[in-house]
Amino acid sequence: MKKILTAFCFTDIHNQQGMLDYPTTVRRSLIQATALAREEFGLSDIAIVGGDNVSDYLHWNKSCALPKKNFLDLKSKLHSVVSESAVGGRVLYVAGNNDMILGDIGTEENEPYNTTDFYDLMDSAFGELSESERLVLKSEQKPSERYLGAFHYIVNGIDFIGINIDPNTAFDSHEGYYSDETLLWVKNKLCEIDPDGKKCVFVIGHLSAIYYYNDGELKETMINGNKDLFYEVFKGHKNAFYLYGHVHGERCCYREYSSGAVLHINRDNMPLDNNLTESDSVGKEYEYSFVHMGGLRPFNGQYFENDGIEGFGGEGEKKYFPGTATPTLAQYLVFEVYPDRVVFHIRNTGTHELYHRDDKPKEYTVYLI
């Protein structure tokens, strides 16, 4: 059967600390990922940037001091990198928990601005959304700014729903969460576009819900907000895929198989299994699926090259920031949609042993129910 669509997914870039000094610096693993994806798969029909795109300074109390010109500089550079990997520059952006905090309050020298505002770039690439295809939210902290709680695009006949963190939770916690209003909008939109529960639909958000670390530990990661309503959104849509980031780094990566990135969820909102060594979904009975998009920044210093940046990074004097270096262990997701199946590929960008860019985990095929 002829392929309908190819998508590239890049998440948790975490341009941070000295990388946010002006002029800003885009994380090297993103540049590598877009180039490698295009080299192997050609241009994508859509690229997805899954949150924590801008990220934060090292200290939360200094995160709100990033000048707007820095944000605009990084936004332009990041989009320039990713848009070259997609036909027509079609890049879908969702906001991460760290994005929601950075620069959002403003200082005496810098008026508040919306650090999640990639909307103009999406309008340009996909076309401006009608009111029925977007949910507009307002922040109590910044009532003049527009936030999208959720939005809906169609690319090559495939539905994509983006879902964003409630801006009013950004100042209350590190995590943030999806508001009830947003989740109900997504639930209603899914019922509208998939009344029979058989359509292939992708919902893209930053926050994870439940996840297996690569040591086998099952972790509940949606610790704020109405997680019961979150799970309820997907019920009745067996071919719905929720794509997420948020968890990343050396404990959240895949070696020989891409299957570990895909969790099939049962009626009790639990994974059927950890799905670590499977080639396809044959014989599995489930309600819907969660798919991890990987992560472009590890945590431990041993997983970085020695090319960190020296800068201010919110401090009073210059210092060396090793976390700004090029990751030797970083992963991204590619998926291909066919009339009867979706094929997922986890790929590496770095040079770390067993996670080298030449190491290609086996694909995982989900046959549509």
Side-chain angles (χ1 to χ4, degrees), residues 8-16 27-30 32-33 36-37 48-53 55-56 94-99 165 174-176 204-224 227 230 241-265 270-278 289-304 323 325-335 344-357 359-364:
F8 298 160
C9 304
F10 313 110
T11 191
D12 292 271
I13 301 161
H14 283 279
N15 294 279
Q16 61 190 118
R27 188 174 290 283
R28 182 75 181 158
S29 54
L30 175 66
Q32 293 169 331
L36 290 166
I48 294 166
V49 180
D52 285 2
N53 312 321
S55 197
D56 52 273
V94 294
N97 53 303
N98 288 330
D99 299 321
I165 295 167
H174 170 246
E175 300 293 328
I204 301 98
H206 178 72
L207 298 179
S208 53
I210 196 165
Y211 182 82
Y212 277 103
Y213 287 125
N214 55 17
D215 60 5
E217 176 189 1
L218 183 62
K219 184 78 171 177
E220 172 64 69
T221 56
M222 186 170 284
I223 60 177
N224 296 302
K227 66 181 180 184
F230 171 79
F241 299 88
Y242 173 67
L243 311 179
Y244 66 92
H246 194 44
V247 289
H248 55 95
E250 50 270 29
R251 291 189 67 193
C252 309
C253 49
Y254 311 95
R255 200 167 83 189
E256 297 180 39
Y257 294 84
S258 299
S259 54
V262 183
L263 294 182
H264 300 296
I265 309 300
M270 295 292 290
L272 293 178
D273 53 40
N274 59 21
N275 208 33
L276 288 176
T277 58
E278 303 291 335
S289 303
F290 289 167
V291 184
H292 184 215
M293 294 185 284
L296 292 174
R297 190 205 74 180
F299 292 92
N300 195 300
Q302 67 176 303
Y303 300 108
F304 288 98
T326 302
T328 61
L329 192 162
Q331 296 188 321
Y332 62 96
L333 174 74
V334 174
F335 64 88
F344 294 96
H345 310 265
I346 287 289
R347 289 293 183 262
N348 300 298
T349 75
T351 57
H352 197 78
E353 185 180 7
L354 304 178
Y355 298 96
H356 193 280
R357 62 178 66 106
D359 296 324
K360 293 179 168 48
K362 296 180 178 66
E363 66 185 33
Y364 180 67

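- Side-chain contact between N97 and D52 is present, with heavy atoms from C-beta onward closer than 4.5 Å.
- Residues satisfying the side chain to side chain contact (heavy atoms under 4.5 Å, CB included) criterion with L276, sequence neighbours excluded, are N274.
- With no hydrogens or angles considered, no side-chain donor-acceptor pair links Y211 and H246 at under 3.5 Å.
- Legend: residues meeting ring-ring contact (aromatic ring centres under 6.0 Å, His included) with H264, ordered by chain and number and at least two apart, are Y286, Y364.
- Using a distance-only test at 3.5 Å, with no hydrogens or angles considered, no donor-acceptor pair links the side chain of N53 to the main chain of N15.
- From L263, atom CG reaches atom OG of S289 across 8.5 Å, with rounding to the nearest 0.5 Å.
- Heavy atoms from other residues, nucleotides or ligands lying under 6.0 Å from NZ of K219 number 12 at most.
- Y257 meets the side chain to side chain contact (heavy atoms under 4.5 Å, CB included) test with S259, T277, K362; sequence neighbours excluded.
- Listed by chain and residue number, nothing satisfies the salt bridge (charged side-chain N to carboxylate O under 4.0 Å, His left out) test with D359 (two or more places apart in sequence, or in another chain).
- Note that CG of N98 is 8.5 Å distant from CD1 of I165, once rounded to the nearest 0.5 Å.
- For Y242, the side chain to side chain donor-acceptor pair (under 3.5 Å) test picks out Y178, with sequence neighbours left out.
- In this structure, Y332 and L36 have side chains that are in contact, with non-hydrogen atoms separated by less than 4.5 Å.
- Within the 4.5 Å cutoff, the side chain of P271 has heavy atoms near those of the I210 side chain.
- Legend: residues meeting ring-ring contact (aromatic ring centres under 6.0 Å, His included) with F8, ordered by chain and number and at least two apart, are absent.
- Listed by chain and residue number, E40 satisfy the salt bridge (charged side-chain N to carboxylate O under 4.0 Å, His left out) test with R347 (two or more places apart in sequence, or in another chain).
- Summarising the geometry, atom OG1 belonging to T221 is positioned 7.0 Å from atom OH belonging to Y213; distances are rounded to the nearest 0.5 Å.
- Between F290 and Y244, the angle of the ring planes goes over 60°, which puts this pair in the perpendicular group of the 30/60° scheme.
- Residues T326 and Q32 meet the side-chain proximity criterion, which asks for heavy atoms closer than 4.5 Å.
- Residues that satisfy the salt bridge (charged side-chain N to carboxylate O under 4.0 Å, His left out) test with E353, not counting sequence neighbours, are absent from this structure.
- Between H248 and the options Q331, H14, H292, a side chain to side chain donor-acceptor pair (under 3.5 Å) holds for only H14.
- Side-chain contact between P327 and R27 is present, with at least one heavy-atom pair separated by less than 4.5 Å.
- Every residue two or more places apart in sequence or in another chain that forms a ring-ring contact (aromatic ring centres under 6.0 Å, His included) with F241 is listed here: F202, F344.
- With hydrogens and angles ignored, the 3.5 Å screen pairs no side-chain donor or acceptor of D12 with any backbone N or O of G245.
- The main-chain N or O of G350 is never found under 3.5 Å from a side-chain atom of N348 such that the two would form a donor-acceptor pair.
- Residues passing the salt bridge (charged side-chain N to carboxylate O under 4.0 Å, His left out) test with R251 are D215, E217, sequence neighbours excluded.
- Here the straight-line distance linking atom SG of C9 with atom CG of L243 works out to 5.5 Å at 0.5 Å rounding.
- Distance check: N214 CG to R255 CZ gives 9.5 Å after rounding to the nearest 0.5 Å.
- Note: S258 OG to E278 CD = 13.0 Å, rounded to the nearest 0.5 Å.
- Every side chain to side chain contact (heavy atoms under 4.5 Å, CB included) that T351 has, sequence neighbours left out, goes to E305, T328, H356, R357.
- Using a 4.5 Å heavy-atom threshold, the side chains of L333 and I346 count as touching.
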Without placing hydrogens or testing angles, list every side-chain donor-acceptor pair under 3.5 Å for residues 294-304, not counting sequence neighbours.
unit_1: R297; atom_1: NH1; unit_2: Q16; atom_2: OE1; d: 2.4
unit_1: N300; atom_1: OD1; unit_2: Q302; atom_2: N; d: 3.0

